[in-house]
Structure formats: structure tokens, C-alpha cells
Amino acid sequence: TTALDDRQRAFLAQPLFASIATTNEAGAPRQAVIWYRLEPDGRILVNSRVSRFWPAHLQRDGRVSLAVLGADGYSWLGITGHVDAVDDDHDRALADILALADRYHPDGAEPDDLASYRAFPRITFRIAIDRVHDHLED
């Protein structure tokens with residue numbers, strides 16, 4: 001796992017959006033915009049509804065890349081990594097999405113969104129970072 005420097009950690013600690021890139025069964029790239037959280041151990045946590053394409057791709061092939069764009073539109077950080085842990089336990093995956101909702105909506109998520117998170121099976125992936133590159137101000 002590649003270690004992040006303090007500048008990269010501070011950037012990822014912000015509630016920014018990430019574009020996740022996976023490959024489908026034919027090897028074609030697919031992208032989606034997602035929430036994420038940098039874990040204390042340096043991995044990236046992502047969570048999704050089970051029925052979406054990108055989680056199925058990650059279960060088949062754990063190679064992944066993420067691009068995180070800063071709020072200014074000019075700073076960004078790219079990650080290439082691999083899934084090293086999958087958690088499809090209902091209660092833990094639900095707790096993960098609820099924690100992400102708190103991260104991205106500190107004043108409280110919409111009740112309909114919270115109901116949706118509880119209504120569908122969820123899955124959590126932890127991504128180990130293999131490479132990182134950035135365009136961040138020093």
C-alpha cells in the first residue's frame with residue numbers, strides 16, 4: 001500500500017466527490033461519481049447499493065482507480081488501487097453508508113435518502129492504494 005503524504009491526506013479528508021473507474025466483463029471502462037472516506041489505515045472506503053454496475057465489477061475484478069476533484073475545480077488527486085476487503089454484511093454496510101451520509105450532509109441527510117439506504121442491500125469495499133498522483137498546491 002502506498003502511503004499518502006500529509007497534503008494528500010488533508011485533501012482526501014474533505015467531503016469531495018470521487019469518480020470511480022472499473023472495467024466491465026468485456027474489459028471496457030465504466031465510471032460513476034461516488035462518496036468515499038479515507039480510513040485511518042490509509043485505505044479508501046466506498047459503499048454502494050448492491051444492484052449497481054460498479055460494485056459488481058469490483059467483485060469480479062478488484063482493480064480500481066479514483067479521481068477526486070477539489071472544490072476549486074483545479075486541484076485533484078488520482079488513485080490506482082485494489083480492493084482488499086469486501087463487506088456485504090447488512091448491518092455493517094448500512095452503518096457505512098449512514099456514516100458517509102453524515103460526512104456529506106453534516107446538517108442531516110434527507111429522510112427519503114435515509115429510507116432508501118435502509119431499503120436496499122448495501123456493500124462496502126476497502127481499497128488499498130497502489131499509486132497516487134496529484135495536482136495539489138504546495
Side-chain angles (χ1 to χ4, degrees):
T1 300
T2 298
L4 300 167
D5 64 32
D6 290 341
R7 183 176 46 100
Q8 293 165 338
R9 280 186 165 279
F11 182 79
L12 291 173
Q14 301 174 76
L16 302 169
F17 294 93
S19 174
I20 188 168
T22 60
T23 55
N24 68 14
E25 298 80 9
R30 297 278 309 229
Q31 290 182 315
V33 177
I34 63 165
W35 292 345
Y36 72 91
R37 181 179 71 212
L38 176 62
E39 297 287 83
D41 64 8
R43 293 183 297 173
I44 304 292
L45 177 143
V46 297
N47 179 287
S48 181
R49 186 183 297 181
V50 170
S51 61
R52 294 192 174 127
F53 285 117
W54 70 263
H57 297 165
L58 280 184
Q59 286 182 292
R60 182 187 41 75
D61 182 344
R63 295 175 298 166
V64 63
S65 74
L66 298 167
V68 181
L69 183 65
D72 64 4
Y74 293 99
S75 55
W76 58 271
L77 186 138
I79 293 170
T80 304
H82 65 278
V83 172
D84 75 349
V86 178
D87 192 350
D88 60 0
D89 174 81
H90 173 77
D91 292 339
R92 288 190 304 262
L94 177 59
D96 289 336
I97 191 59
L98 294 175
L100 286 170
D102 286 343
R103 169 177 158 78
Y104 283 86
H105 298 284
D107 295 331
E110 293 292 324
D112 288 347
D113 291 337
L114 296 173
S116 173
Y117 303 149
R118 289 180 174 94
F120 297 97
R122 309 290 307 185
I123 189 166
T124 296
F125 299 93
R126 285 181 174 75
I127 299 167
I129 299 172
D130 297 325
R131 294 192 60 191
V132 62
H133 54 282
D134 69 60
H135 187 271
L136 303 176
E137 296 297 319
D138 292 329

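Remember, predicted model here, so these are calculated numbers, not experimental data.
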Common cluster, Leu16/Leu69, ILVMFWY with side-chain heavy-atom separation under 4.5 Å: no
Side-chain touch Leu100/Leu45, heavy atoms, less than 4.5 angstrom: yes
Side chain to side chain, Leu12 and Val68, heavy atoms closer than 4.5 Å: yes
Thr124 vs Val46 side-chain heavy atoms within contact, under 4.5 Å: no
Atom pair CD1/NE2 of Ile123 and His90 - distance to nearest 0.5 Å: 13.5 Å
Side-chain (Arg103) to main-chain (Tyr36) donor-acceptor, under 3.5 angstrom: yes
Arg122 and Asp96 ion-paired at < 4.0 Å: no
4.5 Å side-chain heavy-atom contact, Tyr117 and Leu98: yes
Minimal non-hydrogen separation, Ala101 against Leu114, with atom names: CB-CD2, 4.5 Å
Partners passing ring pair (Phe, Tyr, Trp, His ring centres under 6.0 Å) against Tyr104 (at least two apart in sequence or in another chain): Phe17, Trp35
Minimum heavy-atom distance between Arg9 and Gly42, given as atom pair plus value: NH2-CA, 3.6 Å
Heavy-atom side-chain proximity of Val50 to Phe120 below 4.5 angstrom: no
Which residues share a side-chain hydrogen bond (donor to acceptor under 3.5 Å, both in side chains) with Asp134, sequence neighbours left out: Arg7, Gln8
Qualifying side chain to side chain donor-acceptor pair (under 3.5 Å) pairs, either residue in residues 48-58, two or more places apart: Thr22-His57, Arg49-Ser116
Sequence-distant partners of Ser65, side-chain hydrogen bond (donor to acceptor under 3.5 Å, both in side chains), two or more places apart: none
Contacts of Arg63 that satisfy side-chain hydrogen bond (donor to acceptor under 3.5 Å, both in side chains) - sequence neighbours left out: Asp61
Residue list, side-chain hydrogen bond (donor to acceptor under 3.5 Å, both in side chains) with Thr23, at least two apart or on another chain: none
Any side-chain heavy-atom pair of Leu77 and Val132 under 4.5 Å: yes
Distance (rounded to the nearest 0.5 Å) between Ile79 CD1 and Leu4 CG: 6.5 Å
More than 12 heavy atoms from other groups under 6.0 Å of CG on Asp6: no
Interatomic distance, Asp41 atom CG to Glu39 atom CD [nearest 0.5 angstrom]: 6.0 Å
Trp76 and His133, any side-chain heavy atoms less than 4.5 Å apart: yes
Heavy-atom closest pair, residues Ala18 and Leu66: CB-CD2, 4.4 Å
Distance (rounded to the nearest 0.5 Å) between Asp84 CG and Ile129 CD1: 10.5 Å
Check: Ala93 main-chain N/O paired with Asn47 side-chain donor or acceptor under 3.5 Å: yes
Glu137 side, atom CD; Phe11 side, atom CZ - distance, nearest 0.5 Å: 11.0 Å
Distance (rounded to the nearest 0.5 Å) between Phe125 CZ and Arg43 CZ: 13.5 Å
Under 3.5 Å: donor-acceptor pair, side chain of Arg30, backbone of Ile20: no
